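Remember, it's a predicted structure, so these values are computed and weren't measured experimentally. No hydrogens, no waters, no symmetry mates; every other heavy atom, side chains included, goes into these values.
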Amino acid sequence: MTSYQIISVGDQALAIEFANRIDPVVNRHLQQIGRYILKQHLSAVKTIIPAYRTLTVTFDGGQTSFEELKDQLEPLIEKSMNAPLPPSKTWLIPVCYGGKYGLDLEDVARFAGLSTAEVIKEHTAQSYLIYFLGFLPGFAYMGSVDQKIAMPRLEQPRLEIPAGSVGIAGEQTGFYPVASPGGWRIIGQTPLKLYDEKNPASFYHAGDSVKFFAVDEEEFQKIQLADRLGKYQVKAVTSDADD
């Protein structure tokens, strides 16, 4: 069983902490622990905040203490860790790479010693686990990018990254749901509208995976129009968690 520890974080939060590494199996267990905790509807628990290897649980210090909540959570964690992981869902996300859609694609290619076509092939060759959402509404932190193309962030972030931009930051990849400042290396853009303030819940969640596929500019525009009209259905593939 993967080892963990429960540590105090201030007077009204605790963290369930795993080994200091990015590990998809650990993160899937962490997501499952979070679901187990939420299902208990513990009155003292306020929120749970997942990250790569930690799950922070905030609580009402007037109702419970760190030690009391730790004692409550330990059997739930053990039960969760021994339970099989649920099937995983992989979303298929179209991306137009390079040109005006991916200003940093050529820089990433130079960094990797590859052609731009080879960078695209590398980026679309695998699926990426969504470890957690954060930074912006619906911003998915995903990994892990092949080390050949894992270019570090820009030293000077851009003042605005267009919504839908797909980027790389070291071994992470992700997309910008809304226009925002940012320092990730932008290699493409998805035509999908990833965030709608009238319906802010994302169709993807932490624990899901994403697989990108390349489209040309004509297909980009067709999908974008269909998506805006509500006529594009994002496809997903479901598989066993261990696949």
Roughly how far apart are Ile16 CD1 and Leu55 CG, rounded to 0.5 Å?
-> 4.5 Å
Verify same cluster id: Ile7, Ile49 (apolar side-chain graph, 4.5 Å) | no
Residue pairs meeting salt bridge (charged side-chain N to carboxylate O under 4.0 Å, His left out), one or both in residues 116-134, sequence neighbours left out, come to Glu122-Lys148
Enter the distance from Thr54:OG1 to Asn27:CG here, rounded to the nearest 0.5 Å.
-> 9.5 Å
Decide yes or no for Ile130 and His205: does some side-chain heavy atom of the first lie under 4.5 Å from some side-chain heavy atom of the second?
-> no
Heavy-atom check, side chain of Ile33 versus side chain of Phe18, under 4.5 Å = yes
Specify whether Tyr128 and Phe212 have parallel, tilted or perpendicular ring planes, treating 30° as the upper limit for parallel and 60° as the lower limit for perpendicular.
-> tilted
Nearest non-hydrogen partners of Ser80 and Gln32, listed with the distance = O-NE2, 3.1 Å
Residues in ring-ring contact (aromatic ring centres under 6.0 Å, His included) contact with Phe66, at least two apart in sequence or another chain | none
Kindly list each side-chain donor-acceptor pair under 3.5 angstrom involving residues 94-113, sequence neighbours excluded, with atom names and distances?
{"unit_1": "Tyr97", "atom_1": "OH", "unit_2": "His123", "atom_2": "ND1", "d": "2.8"}
{"unit_1": "Lys100", "atom_1": "NZ", "unit_2": "Glu217", "atom_2": "OE2", "d": "3.3"}
{"unit_1": "Tyr101", "atom_1": "OH", "unit_2": "Glu217", "atom_2": "OE2", "d": "3.1"}
{"unit_1": "Asp104", "atom_1": "OD1", "unit_2": "Arg158", "atom_2": "NH2", "d": "2.7"}
{"unit_1": "Asp104", "atom_1": "OD2", "unit_2": "Arg158", "atom_2": "NH1", "d": "2.8"}
{"unit_1": "Asp104", "atom_1": "OD2", "unit_2": "Arg158", "atom_2": "NH2", "d": "3.4"}
{"unit_1": "Asp104", "atom_1": "OD2", "unit_2": "Ile186", "atom_2": "N", "d": "2.7"}
{"unit_1": "Asp107", "atom_1": "OD1", "unit_2": "Arg110", "atom_2": "NH2", "d": "2.3"}

Here the gap from Arg35 atom CZ to Leu76 atom CG, rounded to the nearest 0.5 Å, amounts to 14.0 Å
Going through the distances and angles, do Val210 and Thr173 end up as a side-chain contact (heavy atoms from CB on, under 4.5 Å)?
-> CA-CA 10 Å; Val210 165; Thr173 190; over 6 Å; no
Return yes if some donor-acceptor pair links the side-chain N/O of Glu171 with the main-chain N/O of Gln147 below 3.5 Å, else return no.
-> no
Where do Lys222 and Tyr232 land on the side-chain contact (heavy atoms from CB on, under 4.5 Å) test, with the steps shown first?
-> CA-CA 10 Å; Lys222 287 181 180 178; Tyr232 185 84; over 6 Å; no
What distance do Gln63 atom CD and Lys46 atom NZ have between them, rounded to the nearest 0.5 Å?
-> 9.0 Å
Only residue of Ile48, Thr47, Val9 satisfying side-chain contact (heavy atoms from CB on, under 4.5 Å) with Val57 is Ile48
For Leu159, does the CG atom have more than 12 heavy-atom neighbours from other residues, nucleotides or ligands under 6.0 Å away?
-> no
Between CD1 on residue Ile93 and CG on residue Leu192, distance to nearest 0.5 Å | 5.5 Å
Among pairs that include at least one residue of residues 183-205, which meet salt bridge (charged side-chain N to carboxylate O under 4.0 Å, His left out), considering only residues two or more places apart or in two chains?
-> none
Transitively linked via ILVMFWY side-chain contacts under 4.5 Å: Leu154 with Tyr176?
-> no
Determine whether Gln72 and Gln40 make a side-chain contact, defined as any pair of heavy atoms from C-beta on separated by less than 4.5 Å.
-> no
Using the six-membered ring wherever Trp is involved, compare the ring planes of Trp184 and Tyr141 and label them parallel, tilted or perpendicular (cut-offs 30° and 60°).
-> perpendicular
Flag the pair Phe59 / Leu42 as yes when at least one side-chain heavy-atom distance between them is below 4.5 Å, and no otherwise.
-> no
Reported CG-to-CD1 distance for the pair Asp71 and Ile6, which is rounded to 0.5 angstrom = 8.5 Å
Determine, step by step, whether Val26 and Tyr4 satisfy the side-chain contact (heavy atoms from CB on, under 4.5 Å) criterion, reporting the C-alpha distance in whole Å, the side-chain angles of both residues, the deciding distance to 0.1 Å, and the verdict.
-> CA-CA 10 Å; Val26 166; Tyr4 67 91; over 6 Å; no
Lys89: salt bridge (charged side-chain N to carboxylate O under 4.0 Å, His left out) partners, not counting sequence neighbours = none
By ring-ring contact (aromatic ring centres under 6.0 Å, His included) - contacts of Phe203 (at least two apart) | Trp91
Can you find a pair of side-chain heavy atoms, one from Leu30 and one from Tyr131, that are under 4.5 Å apart?
-> no
Pairwise side-chain contact, Leu129 with Arg28, heavy-atom cut-off 4.5 Å (strictly under) | yes
Nearest non-hydrogen partners of Pro191 and Ile223, listed with the distance | CG-CG2, 3.5 Å
Step by step, work out the side-chain contact (heavy atoms from CB on, under 4.5 Å) result for Gln12 and Thr58.
-> CA-CA 6 Å; Gln12 296 195 78; Thr58 65; over 6 Å; no
4.5 Å side-chain heavy-atom contact, Phe213 and Lys235 = no
